[in-house]
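Right, one structure below, let's go through it.
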2 protein chains.
Amino acid sequence: MGASKTEHFSDKQNQIAAMAKAIGHPARVAILEYLLSVDTCICGDIVNVLPLAQPTVSQHLKELKNAGIIKGSIEGTAICYCLNPDALSVLEAFFAHITININTKKTNCG
Amino acid sequence: MGASKTEHFSDKQNQIAAMAKAIGHPARVAILEYLLSVDTCICGDIVNVLPLAQPTVSQHLKELKNAGIIKGSIEGTAICYCLNPDALSVLEAFFAHITININTKKTNCG
DNA sequence: ATCATTTATCGTAATATTGCAATATTATAA
DNA sequence: TTATAATATTGCAATATTACGATAAATGAT
């Protein structure tokens, strides 16, 4: 096989998984942190910040965009990228919900 | 290639990415939600909850365990699994940090 | 010791991801 | 138009992931 059986899971579960998967690569974590470190959008120097070739960076940006984590808009020759607050707040809520509920329960095994 | 160039990124970035990647599959999101929905550990019925074969579920549990997201302990014939609050709070802090910082900045492109 | 139960591992097939060179596309400038 | 700059796409090789049948390992019960 090799393909996930997404049809067996809820839309919410698939959405969380898709976004987490998009962040599941150190280059893409680095992109998020970089976009967060500067004010608003970044127009055209993400490639220089990462230790990867331009096509590879372009591919990583595409995946983040497909998952809705970042947004991009054409600005002349360059493209401006920025974080998508909506997507990130969904993830934030998901993990906040988990940690809050863990703490209200008995401590665990292991 | 096919292998991530983890050596070019920080330990923190690799750690966040590894944990996010582990959650980046709907079956593993479902496992997290199930472990959260019951009190403390779950001993031995995770397979019945998921629409996947037993070896597949075992593999998913292994990946969550390798990433530190869950913990497991042997309890007779069964194995008890539970969430690892430490790992999940790292992710929670990561996304909380992002969403807090987004909101203090100008709204973005796209 | 034998059996039943539960979980893990092995082997394998299908598919996806990662990375980059080469090339194409798009937009601005001269 | 031609050149320049920035980003995207294509094509490909190496590797990883997903899924499951078959089988193994470990524990408890009879």
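Heavy atoms only: backbone and side chains are in, while hydrogens, waters and symmetry mates are out. Residue numbers start from 1 in every chain, and the chains themselves are labelled A, B, ... in the order their sequence lines are given, proteins ahead of strands.
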Identify whether any heavy atom of A:Leu52 sits under 4.0 Å from a base atom; if not, whether one sits that close to sugar-phosphate; answer base, sugar-phosphate or nothing.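 Sugar-phosphate only.
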Taking the side chain of A:Ile79 as its heavy atoms from C-beta onward, which of D:dA19, C:dG19, D:dA8 lies nearest to it? D:dA8
Taking the minimum atom-to-atom distance to the side chain of B:Ser4, which one of C:dT18, D:dA8, C:dT9 wins?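 Closest nucleotide to the B:Ser4 side chain: C:dT18.
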Under 6.0 Å from the NE2 atom of A:His8, do we count more than 12 heavy atoms belonging to anything else shown?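 Yes, because the 6.0 Å sphere around NE2 of A:His8 holds more than 12 heavy atoms from other groups.
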Neighbour count >12 (heavy atoms, 6.0 Å) for atom CG, B:Asp11: no
Provide the closest heavy-atom pair for [X] versus [Y] in the form atom of the first, atom of the second, distance.
| X | Y | answer |
| --- | --- | --- |
| A:Lys71 | A:Asn84 | CG-CB, 4.0 Å |
| B:Met19 | B:Ala67 | CG-O, 3.7 Å |
| B:Pro85 | A:Ile102 | CG-CG2, 3.5 Å |

Atom-to-atom span, [atom1] of [X] to [atom2] of [N] - whole angstrom:
| X | N | atom1 | atom2 | answer |
| --- | --- | --- | --- | --- |
| A:Lys65 | D:dT7 | NZ | P | 12 Å |
| B:His8 | C:dC20 | NE2 | P | 8 Å |
| B:Phe9 | C:dT18 | CZ | P | 11 Å |
| B:Lys62 | C:dC10 | NZ | P | 7 Å |
| B:Ile70 | C:dT7 | CD1 | P | 12 Å |
| B:Leu50 | D:dC20 | CG | C1' | 15 Å |
| B:Glu63 | C:dA8 | CD | P | 13 Å |
| B:Ile46 | C:dT7 | CD1 | P | 8 Å |

Aromatic rings A:Phe9 and B:His25: how do their planes relate, parallel, tilted or perpendicular, breaks at 30° and 60°?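 A:Phe9 vs B:His25 ring planes: perpendicular.
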Rounded to the nearest 0.5 Å, how far does CG of A:Leu88 lie from CD1 of B:Ile98? 5.5 Å
Starting at the 5' end of DNA chain D and moving along, which residue's nearest nucleotide shows up first, A:Ala78 or A:Gln59?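 It is A:Ala78, whose closest nucleotide lies nearer the 5' terminus.
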Give a yes/no on whether any side-chain N or O of B:Tyr81 is located under 4.0 angstrom from OP1 or OP2 of C:dA8.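 Yes, because at least one side-chain N or O of B:Tyr81 sits under 4.0 Å from OP1 or OP2 of C:dA8.
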D:dA19 phosphate, OP1 or OP2: any side-chain N/O from B:His60 under 4.0 angstrom? yes
List in chain and number order the residues that pass ring pair (Phe, Tyr, Trp, His ring centres under 6.0 Å) with B:Phe94, two or more places apart in sequence or in another chain; answer none if no residue qualifies. none
So among B:Gln13, B:His97, B:Lys12, which one has a side chain to side chain donor-acceptor pair (under 3.5 Å) with A:Glu33? B:Gln13
Neighbours of DNA chain D within residues 18-33 of chain B, by heavy-atom distance under 4.0 Å: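 Result for residues 18-33 of chain B: B:Lys21, B:His25, B:Arg28, sorted by number.
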Closest-nucleotide mapping onto DNA chain C: is B:Thr56 or A:Pro51 further toward the 5' terminus? I mean the 5' end.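 Looking at the nearest nucleotide for each, B:Thr56 comes out on the 5' side.
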Contact pattern, 5' to 3', of nucleotides 22-30 of chain C - B, S or - by protein heavy atom under 4.0 Å: B----SS--
Determine yes or no for a side-chain-to-main-chain donor-acceptor pair under 3.5 angstrom, with B:Ser58 supplying the side chain and B:Gln54 the backbone. no
